[in-house]
Amino acid sequence: MTQLTRRKFLGTAAAISAVPLLTKLPAAAFAAGSDRIKVGVIGTGGRGVGAMRNCLAADPSVVVWALGDVFKDRVDEAREKLIKGSPKSRKPSAPVPSDRFFATPERCFSGFDAYKQVIASGVDLVILAAPPGFRPLHLEAAINAGKHVFAEKPVAVDAAGVRKVISVGELAKQKRLAIVAGTQRRHAANYLETMRRIHDGAIGELVGGQCYWLQKELWHRGRKPEWTEMEYQLRNWLYFTWLSGDHIVEQHVHNIDVMNWAFGGPPVKALGMGGRQARTDPKYGDAYDHFSVEFEYANGVRVQSLCRQTPNAAGRVNERIVGTKGYAMADGKIFGANKWKYDGDTPDAFKDEHVDLIRSIRDGNPLNEAKRIAESTLTAILGRTSAYTGKEINYNWILNASKQDLSPSRYELGAAPEVVVPIPGVTPLV
């Protein structure tokens, strides 16, 4: 076994042993009389295709069944990438074997109602990877239809959406349907072991922490003359709060979720600031390029949150939790009285979250992460709202009293929501 690592051996063994387990599925878990797990993707951009590949790698019974997106060219591109692979991309990928690819042209859908068609196509499980502004709508439709769900983070962009996700999560429990969120750290062995030690007292009583997502700029697809304003915003969704939640919600929610994990739940209040220094061109919509937020948790402990998307600046993506006996880096290091470093196998958490999802369905105890990811999403929204308005805001207020609903009045490729850059002290608290 000198040429076979322990991780590869266990992975191969798991893959071989997984198929017989299909006979142990609870009633109606997957299609009756079939050993295939038919998966549909809603939102066929890079993350949708990536999540589909992660799901395929997680279980040998997974097949690609249906694809859907607002734009047909995105569906066609995704289908081609899955069939032919992406050998020249930054992360090369192989073609999906023909016996695992069943997304025929008849099961490839486009338009604002594509999600309904994917859900109705005979799938067992759906991957929700459209822009986050659509997540509550798509999640509700999937659970109402009796489908298991893998939902990319975040799960909403406003308080109204969060409340819907929490409600749908309760319905999923009643229907014994799984909802797993794309917060990979919750499924990574190094994070799991570090958090177990923190909760067992390895760094003592928690007294503070810091979390960061500082990186360079991201993509922008420009504008074409034939695009309406709605199409322009959809194709550049990162920069419009009604679609992305801004990057503190869309991206930094990963780190914020880890802090909520460490402290046992969401904070009680937040005071934040932010703005636009590097991305001032109107093409960047209403999104900020940096945020700094102080979250205060129930025990009075304060956590500093920093996120930024700026070219030619220092990068940092991690979480640091401070206690009375030392501090921990959440990805696998403890410093102080109980010094420790994770030395296990390097996890592939993007795959493992799908492994955990499918295993939970087979075991008859489907995972339901809806409330947890809704709370972390709302924590990020809390920080964003404080920065946008300049006000200190309580978590319970934004959960129960905020009337903000960023959804457009109608979904069609014409007009789009008005773009107004938030100004602290001027932007109202809704």
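Given the structure is predicted, the values throughout are model-derived calculations rather than measurements. Heavy atoms only: backbone and side chains are in, while hydrogens, waters and symmetry mates are out.
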Tell me whether the guanidinium CZ or amine NZ of [X] lies under 6.0 angstrom from the six-membered ring centre of [Y] and within 45° of its axis.
{"X": "R308", "Y": "F291", "result": "no"}
{"X": "R223", "Y": "Y232", "result": "yes"}
{"X": "R302", "Y": "F295", "result": "no"}
{"X": "R53", "Y": "F350", "result": "no"}

Among V123, I37, L177, which residue meets the side-chain contact (heavy atoms from CB on, under 4.5 Å) test with H148?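 Going through V123, I37, L177 one by one, the side-chain contact (heavy atoms from CB on, under 4.5 Å) with H148 is satisfied by L177 alone.
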Looking at H252, K216, E217, R279, which one forms a side-chain contact (heavy atoms from CB on, under 4.5 Å) with Q309?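 With Q309 as partner, side-chain contact (heavy atoms from CB on, under 4.5 Å) holds for just one option, R279.
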Minimal non-hydrogen separation, G169 against A370, with atom names: CA-CB, 3.6 Å
Closest non-hydrogen atoms of V118 and G40, given as atom of the first, atom of the second and distance, are CG1-CA, 3.9 Å
When rounded to the nearest 0.5 angstrom, what distance separates [atom1] in [X] from [atom2] in [Y]?
{"X": "M52", "Y": "N54", "atom1": "CE", "atom2": "CG", "value": "9.0 Å"}
{"X": "S292", "Y": "Q304", "atom1": "OG", "atom2": "CD", "value": "4.0 Å"}
{"X": "I83", "Y": "S98", "atom1": "CD1", "atom2": "OG", "value": "10.0 Å"}
{"X": "I334", "Y": "K325", "atom1": "CD1", "atom2": "NZ", "value": "11.5 Å"}
{"X": "D158", "Y": "T385", "atom1": "CG", "atom2": "OG1", "value": "9.0 Å"}

Determine whether D356 and R186 satisfy the following criterion, side-chain contact (heavy atoms from CB on, under 4.5 Å), listing intermediate values before the conclusion. CA-CA 11 Å; D356 293 343; R186 293 273 186 160; over 6 Å; no
Please determine whether a side-chain nitrogen of the Lys or Arg among K72 and D76 lies less than 4.0 Å from a carboxylate oxygen of the Asp or Glu.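 D76 and K72: salt-bridged.
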Before accepting this row, confirm whether a basic side-chain N of the pair D405/K164 lies closer than 4.0 Å to the acidic partner's carboxylate O.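 No, this pair does not count.
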Starting from the C-alpha separation in whole Å, work towards a yes-or-no answer on side-chain contact (heavy atoms from CB on, under 4.5 Å) for E106 and S121. CA-CA 10 Å; E106 294 74 24; S121 69; over 6 Å; no
Non-hydrogen side-chain atoms of [X] and [Y] separated by less than 4.5 Å:
{"X": "H254", "Y": "D257", "result": "no"}
{"X": "Q184", "Y": "P347", "result": "no"}
{"X": "L238", "Y": "E250", "result": "yes"}

Say whether [X] and [Y], considering side chains only, have a donor N or O and an acceptor N or O under 3.5 Å apart.
{"X": "R79", "Y": "T44", "answer": "no"}
{"X": "Q174", "Y": "E170", "answer": "no"}
{"X": "Q215", "Y": "Q251", "answer": "yes"}
{"X": "T379", "Y": "N260", "answer": "yes"}
{"X": "E319", "Y": "N255", "answer": "yes"}
{"X": "R185", "Y": "Y191", "answer": "yes"}
{"X": "T241", "Y": "Y388", "answer": "yes"}

Tell me whether the rings of [X] and [Y] are parallel (<30°), tilted (30 to 60°) or perpendicular (>60°).
{"X": "H138", "Y": "F134", "result": "parallel"}
{"X": "Y239", "Y": "W219", "result": "perpendicular"}
{"X": "F112", "Y": "Y411", "result": "tilted"}

Take a 6.0 Å sphere around [atom1] of [X] and say whether it holds more than 12 heavy atoms from other residues, nucleotides or ligands.
{"X": "K175", "atom1": "NZ", "value": "yes"}
{"X": "K84", "atom1": "NZ", "value": "no"}
{"X": "R196", "atom1": "CZ", "value": "yes"}
{"X": "N312", "atom1": "CG", "value": "no"}
{"X": "D281", "atom1": "CG", "value": "yes"}

Show the numbers, then the answer: is there a side-chain contact (heavy atoms from CB on, under 4.5 Å) between K333 and W340? CA-CA 6 Å; K333 298 184 184 70; W340 167 83; 5.9 Å; no
Taking it one step at a time, do H220 and Y284 satisfy ring pair (Phe, Tyr, Trp, His ring centres under 6.0 Å)? CA-CA 8 Å; H220 192 286; Y284 294 115; 5.8 Å; yes
Does D59 form a salt bridge (Lys or Arg N to Asp or Glu O under 4.0 Å) with R362? I'd like the steps, not just the answer. CA-CA 12 Å; D59 193 287; R362 283 205 172 96; 2.5 Å; yes
